[in-house]
Number of protein chains: 4
Amino acid sequence: MGKKKNLIETAVRLFAEQGYDGTTTLQISREAGVTEPLIYYHFKGKEELFTHILNGAFDEYVARLEALPASTRDEFTKIENLIVASQKAVAEMPRRIRLVMSSCPARIKDPAHVCSSRMLEIFDWHKNYLTNSLERGIASGEFVAVPVPETVYVLISMINGMIRQYSLLNGSRYVNARDVAVEFCRRSLLNRQGG
Amino acid sequence: MGKKKNLIETAVRLFAEQGYDGTTTLQISREAGVTEPLIYYHFKGKEELFTHILNGAFDEYVARLEALPASTRDEFTKIENLIVASQKAVAEMPRRIRLVMSSCPARIKDPAHVCSSRMLEIFDWHKNYLTNSLERGIASGEFVAVPVPETVYVLISMINGMIRQYSLLNGSRYVNARDVAVEFCRRSLLNRQGG
Amino acid sequence: MGKKKNLIETAVRLFAEQGYDGTTTLQISREAGVTEPLIYYHFKGKEELFTHILNGAFDEYVARLEALPASTRDEFTKIENLIVASQKAVAEMPRRIRLVMSSCPARIKDPAHVCSSRMLEIFDWHKNYLTNSLERGIASGEFVAVPVPETVYVLISMINGMIRQYSLLNGSRYVNARDVAVEFCRRSLLNRQGG
Amino acid sequence: MGKKKNLIETAVRLFAEQGYDGTTTLQISREAGVTEPLIYYHFKGKEELFTHILNGAFDEYVARLEALPASTRDEFTKIENLIVASQKAVAEMPRRIRLVMSSCPARIKDPAHVCSSRMLEIFDWHKNYLTNSLERGIASGEFVAVPVPETVYVLISMINGMIRQYSLLNGSRYVNARDVAVEFCRRSLLNRQGG
DNA sequence: GATGAATGAGTGTTCATTCAT
DNA sequence: TATGAATGAACACTCATTCAT
């Protein structure tokens with residue numbers, strides 16, 4: 001009767017609240033209403049349970065990115081879509097994003113860890129998406145001629161920074177920061193010359 | 001002879017490399033060439049050693065902020081100074097910033113922890129500094145009329161995002177991202193009306 | 001199997017021989033043929049194992065008191081019964097009584113400790129029992145008119161003193177001290193007037 | 001300036017309040033306003049400081065016994081004197097008696113310890129004193145013909161039991177228990193035949 | 001699928017004691 | 001006398017994990 005699901009959901013909650021090291025397998029099992037060895041029946045160990053959860057969160061986030069329309073009216077709309085999508089994600093799956101934002105920084109130095117590989121995957125996805133958009137926009141005259149790699153880096157930093165801020169601090173107080181961020185970027189990138 | 005200093009420096013290194021939970025007091029003492037109880041002679045415990053280090057890092061970062069000139073040629077220079085100063089900090093005290101960036105996210109939910117109180121302190125400092133700058137700049141016509149609180153929020157997110165990116169990922173590859181970020185903001189904020 | 005029982009019996013022995021502080025959890029587990037963490041599986045900690053044992057000893061002692069006949073031929077028989085019962089207890093459960101007599105004095109200042117609450121319980125039981133007996137005996141003319149509370153106090157001191165003496169010193173050498181004590185009290189209390 | 005004395009007095013207080021194992025050398029030194037190594041300058045170690053204090057208490061108690069008059073009007077007065085003296089001692093040097101009563105039971109199994117040797121010394125003193133008194137009293141017809149060794153044993157138990165009761169429990173509430181005890185013994189021992 | 005009992009390998013911490021000054 | 005710094009030896013306790021059922 002859904003004991004496994006129960007286990008996972010309890011683990012998500014506890015890992016998000018207390019961190020990986022601050023959560024014991026005994027606590028997870030007790031709060032899930034099962035016994036400890038059941039964790040080892042379903043998972044190889046605590047770490048696998050943890051990475052299973054992280055992978056789930058990454059999967060959903062990536063799915064949201066993949067769902068973004070590949071072709072849009074103009075290139076800035078793509079950038080706008082990305083900002084909006086990332087903010088929607090953090091609002092709609094807050095606990096899992098929070099888990100990633102609080103657990104992964106301490107794990108990034110281990111390149112074999114899920115945190116490293118999948119954050120890199122997302123970073124690369126962002127990079128390709130934004131590089132493509134910027135290059136096309138510059139070529140078409142929609143954007144001013146900014147140095148692409150560095151601008152991509154700045155945009156990613158801003159998007160990640162907003163996720164982090166929202167997720168770890170009381171970001172929900174700035175509900176329309178999202179739109180302000182979009183306009184902030186629009187003013188900076190759009191070519192207003194001639195027109 | 002400098003055993004305490006040795007202890008602290010070793011702890012900084014190990015905490016930054018392996019995280020708080022991943023570092024044992026035995027390991028710290030061994031690599032520092034002292035015995036374990038010495039930690040407990042100088043500090044109340046592992047946690048106090050840790051917060052001592054964090055406080056040191058926060059102190060230095062705050063000192064850098066306080067050193068920023070209070071009055072500048074124009075308001076955007078203040079914003080530029082802040083971006084530059086934060087990037088200089090992360091380049092000049094990388095290990096300690098990295099320690100903060102990787103350790104604190106997992107501790108922010110505890111409002112009593114050094115991470116919470118001092119990150120809030122820095123957040124507030126940033127907020128006041130940027131709010132002041134934006135309000136003056138808008139009033140004088142230097143800046144376009146942006147919504148102040150949200151724009152401040154976006155700017156802080158960007159600055160923090162860049163610190164995080166630099167600190168945890170290989171941000172050093174984008175050395176002039178700093179200047180690109182400054183220009184990015186300048187284009188967005190500066191009032192170009194009536195050229 | 002019976003590892004828990006083994007653990008408890010070993011702990012009784014070692015605590016009685018070496019005291020609480022003089023006995024380590026490692027020693028208990030080793031001499032019981034189990035591993036240390038098993039103590040923590042069955043008990044919350046060393047202290048709980050200790051109080052579990054103390055409670056067992058108190059329970060048995062109280063059970064012996066409760067088993068004393070409520071109505072007797074005369075009132076002095078009650079007093080005799082109490083003296084005999086306490087001496088029988090110390091002869092039949094020597095290790096546990098010795099444990100109590102050597103461990104509890106150091107713990108009595110802590111009113112929350114098992115030693116305090118349960119010794120008080122026994123003290124009160126003795127007090128009620130003896131007060132009742134003395135009052136009835138005096139009223140009926142069986143006893144001389146002694147001041148009741150103080151005489152109760154003296155009798156309890158004598159009983160406890162004999163337990164202590166027997167338990168901590170080589171009291172077994174005075175096997176018939178019990179009967180001598182009974183006669184000692186009888187001569188003192190019985191009303192010989194009008195023989 | 002009396003630092004040694006200070007040390008000892010503080011140690012008496014702390015050992016009495018918290019027991020030997022519950023008191024650390026650091027705590028003693030701090031509360032005495034000195035540093036830890038000073039303990040090792042004046043004493044060989046914690047244990048020696050402890051036995052120094054115990055010996056002081058035993059010395060004073062023995063001195064009180066020795067001060068009892070060797071010849072009295074009758075033999076029962078000797079017994080009365082002993083009861084009164086022991087109760088006076090516990091009222092006049094409560095902390096040190098309490099220290100002995102709470103610390104020594106756990107140490108009596110070690111025959112080399114001060115607790116063992118000096119409590120035995122006192123036990124023997126009591127035994128000789130009472131044996132002598134009883135034998136003479138019986139011979140002279142002052143006392144009834146009780147079995148001497150066992151009666152001595154009972155009397156010692158009663159005296160010790162009253163000290164213990166007074167010292168560890170709220171014995172001070174029964175201030176005239178002393179006189180009641182004396183009368184209790186008098187009635188039991190005195191020969192009333194053929195008045 | 002599920003559990004009660006048990007364990008190996010540590011972990012932070014304490015404490016009496018010593019050393020150099 | 002007196003101390004700041006340092007240590008050796010242990011200690012209670014935790015936790016992820018396994019085994020027999």
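Note that the structure is a prediction, hence the values are computed from the model and not measured. Atoms considered below: every heavy atom in the structure, side chains included; atoms not considered: hydrogens, waters and symmetry mates. A, B, ... follow the sequence lines: proteins, then strands. Residue 1 opens every chain.
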Hey, is the main chain of [Y] close enough, under 3.5 Å, to the side chain of [X] for a donor-acceptor pair?
X	Y	value
D:Thr10	D:Asn6	yes
C:Ser103	C:Val100	no
A:Thr23	A:Leu14	yes

Rounded to the nearest Å, what distance is computed from the [atom1] atom of residue [X] to the [atom2] atom of nucleotide [N]?
X	N	atom1	atom2	value
A:Phe50	F:dA16	CZ	C1'	15 Å
B:Leu38	F:dA5	CG	C1'	7 Å
B:Gln27	E:dT13	CD	C1'	18 Å
C:Lys46	F:dC11	NZ	C1'	8 Å
C:Leu14	F:dC11	CG	P	13 Å
A:Asp21	E:dG10	CG	C1'	14 Å
A:Tyr40	E:dA5	OH	C1'	15 Å
B:Glu36	E:dT11	CD	P	9 Å

Within the structure, does a side-chain N or O atom of [X] lie under 4.0 Å from either OP1 or OP2 of [N]?
X	N	result
A:Lys3	E:dT3	yes
A:Thr25	F:dA16	yes
B:His42	F:dA6	yes
B:Tyr41	F:dA6	no
B:Lys4	F:dA6	no

- Message: Just so I know, are the side chains of B:His42 and B:His52 near enough to count as touching, which here means a heavy-atom distance under 4.5 Å?
- Response: no

- Mind checking whether B:Ser29 and B:Val34 have side chains closer than 4.5 Å, heavy atoms only? yes

- Message: Quick check: on DNA chain E, is the nucleotide nearest B:Tyr20 upstream (toward 5') of the one nearest C:Gly33, or the reverse? Name the residue that is more 5'.
- Response: C:Gly33

- Closest to the 5' end of DNA chain E, once D:Lys44 and A:Thr35 are matched to their nearest nucleotides, is A:Thr35

- Query: Nearest nucleotide by nearest heavy atom, which residue falls closer to the 5' end of DNA chain F, C:Leu26 or B:Val34?
  - Reply: B:Val34

- Query: Checking all strands, does A:Ser29 fall into the base, sugar-phosphate, or nothing category for heavy-atom contacts under 4.0 angstrom?
  - Reply: nothing

- Task: Measure the CZ-NE2 distance between C:Arg118 and C:His113 for me, rounded to the nearest 0.5 Å.
- Result: 12.5 Å

- Message: If we check side-chain contact (heavy atoms from CB on, under 4.5 Å) with A:Thr25, which of these qualifies: A:Ile39, A:Leu38, A:Leu49?
- Response: A:Ile39

- Query: What distance, rounded to whole Å, do you find between the two P atoms, one in F:dT21 and one in E:dG1?
  - Reply: 23 Å

- Query: For A:Tyr20, which of A:Arg107, A:Lys46, A:Glu47 qualifies under side-chain hydrogen bond (donor to acceptor under 3.5 Å, both in side chains)?
  - Reply: A:Glu47

- Any stems for DNA chain E, made of 3 or more Watson-Crick or G-U pairs in a row, each with both distances under 3.5 Å? E:2-21 with F:2-21

